[in-house]
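Working notes, beginning with the structure itself.
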Amino acid sequence: MPDALPLRAELLLDQEAPEALGQDLVTALDGLGVRTARVRRAVDHRGAAELPWLLLVSLPLQAFLSGLGAEAVRDAYVSFKGVVRRGAGREAAGGVGAPRPLVLQDDRSGLSVVLEPDLPAEAYEQLLGLDLTKFRVGPLHYDRRLGRWRSELDEAAG
């Protein structure tokens, strides 16, 4: 992605997310060619149907994923995965409750991809080549049993 214009992202931190975690994510995204336009805190309450995320990144998702495959960003990608693991782990929320994911959300379509803290390497590898235009609703989750990314809502609607 170094040759392309930088992508722009907005980062939304849950009230429980440590400030340092947000800064780590901004740094990791910067290493991947993504400039964070704005970092802000979420409102305290959400609807019951919303994902229980800790960090939400809104950006041009397909362009971001396509650019991650380049060899030049491999080290920065490893750093990004580390932030996902740390951020979604229990310690990020003060050791309370279940781990909560980092969510990438396409800034145009609203399609979201849920990155859980313990995703296997093959989940990230598949994500890099995933054609997001094949999904309409989302959110996308990695199904460990099937070994693929899927949207249960898309499957139910189809």
Side-chain angles (χ1 to χ4, degrees), residues 1 7-17 21-22 24-26 28-29 32-34 36-70 73 77-158:
M1 288 194 311
L7 298 174
R8 301 270 181 223
E10 291 199 18
L11 175 59
L12 189 59
L13 302 172
D14 183 87
Q15 292 296 326
E16 297 173 11
L21 182 62
D24 288 348
L25 183 57
V26 167
L29 288 170
L32 293 169
V34 178
T36 304
R38 184 168 55 165
V39 178
R40 56 191 171 100
R41 291 277 174 183
V43 181
D44 282 340
H45 58 281
R46 297 187 199 123
E50 290 187 46
L51 288 169
W53 49 264
L54 189 65
L55 301 164
L56 176 76
V57 181
S58 177
L59 72 170
L61 194 50
Q62 190 72 62
F64 174 68
L65 294 176
S66 296
L68 288 179
V73 297
Y77 182 49
V78 170
S79 173
F80 174 74
K81 288 192 300 186
V83 172
V84 171
R85 286 190 179 102
R86 282 194 326 274
R90 270 179 226 267
E91 65 277 1
V96 179
R100 292 187 294 160
L102 182 146
V103 175
L104 299 175
Q105 184 176 53
D106 186 65
D107 63 355
R108 293 178 189 112
S109 69
L111 184 70
S112 59
V113 176
V114 179
L115 300 177
E116 296 158 350
D118 57 349
L119 283 176
E122 60 267 15
Y124 283 101
E125 290 168 15
Q126 283 183 28
L127 185 60
L128 296 181
L130 199 60
D131 180 4
L132 297 177
T133 62
K134 294 184 177 185
F135 301 95
R136 292 188 323 261
V137 181
L140 276 61
H141 291 270
Y142 185 74
D143 186 317
R144 295 166 198 275
R145 187 177 56 77
L146 297 175
R148 66 180 175 88
W149 288 92
R150 61 188 284 228
S151 165
E152 292 175 357
L153 294 176
D154 277 356
E155 292 168 11

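Sequential numbering from 1 along the given sequence is applied to the chain's residues.
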Main chain of [Y], side chain of [X]: is a donor-acceptor contact present, judged purely on distance under 3.5 Å?
X    : Y    : result
S112 : Q105 : no
D143 : R148 : no
R8   : R38  : no
Q15  : A42  : yes

Considering non-hydrogen atoms only, spot the tightest contact between R41 and A17 and give its length.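 Smallest heavy-atom distance, with atoms named: NH1-O, 2.6 Å.
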Nearest atoms (heavy-atom pairs only) where R136 meets A157: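 In this case the closest contact between R136 and A157 is NH2-CB, 3.6 Å.
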Could you check [options] and say which one makes a side chain to side chain contact (heavy atoms under 4.5 Å, CB included) with [X]?
X    : options                : value
L140 : D154, L115, V114, L111 : L111
L65  : L127, D131, D106       : L127
V57  : L29, V113, L12         : L29

Rounded to the nearest 0.5 Å, what's the gap from [atom1] on [X] to [atom2] on [Y]? Could you check?
X    : Y    : atom1 : atom2 : answer
F80  : F64  : CZ    : CZ    : 4.5 Å
D14  : L54  : CG    : CG    : 5.5 Å
H141 : L153 : NE2   : CG    : 8.5 Å
W53  : L13  : CH2   : CG    : 8.0 Å
L25  : L56  : CG    : CG    : 10.5 Å
D118 : R144 : CG    : CZ    : 4.0 Å

Quick check: are there more than 12 heavy atoms from other residues, nucleotides or ligands sitting under 6.0 Å from CD of E152?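 No.
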If the condition is salt bridge (charged side-chain N to carboxylate O under 4.0 Å, His left out), which residues does R145 pass it with, not counting sequence neighbours?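 Residues passing salt bridge (charged side-chain N to carboxylate O under 4.0 Å, His left out) with R145: none at all.
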Holding to ring-ring contact (aromatic ring centres under 6.0 Å, His included), I want the full list of residues that pass it with Y142, two or more places apart in sequence or in another chain.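 Partners of Y142 by the ring-ring contact (aromatic ring centres under 6.0 Å, His included) criterion, ordered by chain and then number, come out as W149.
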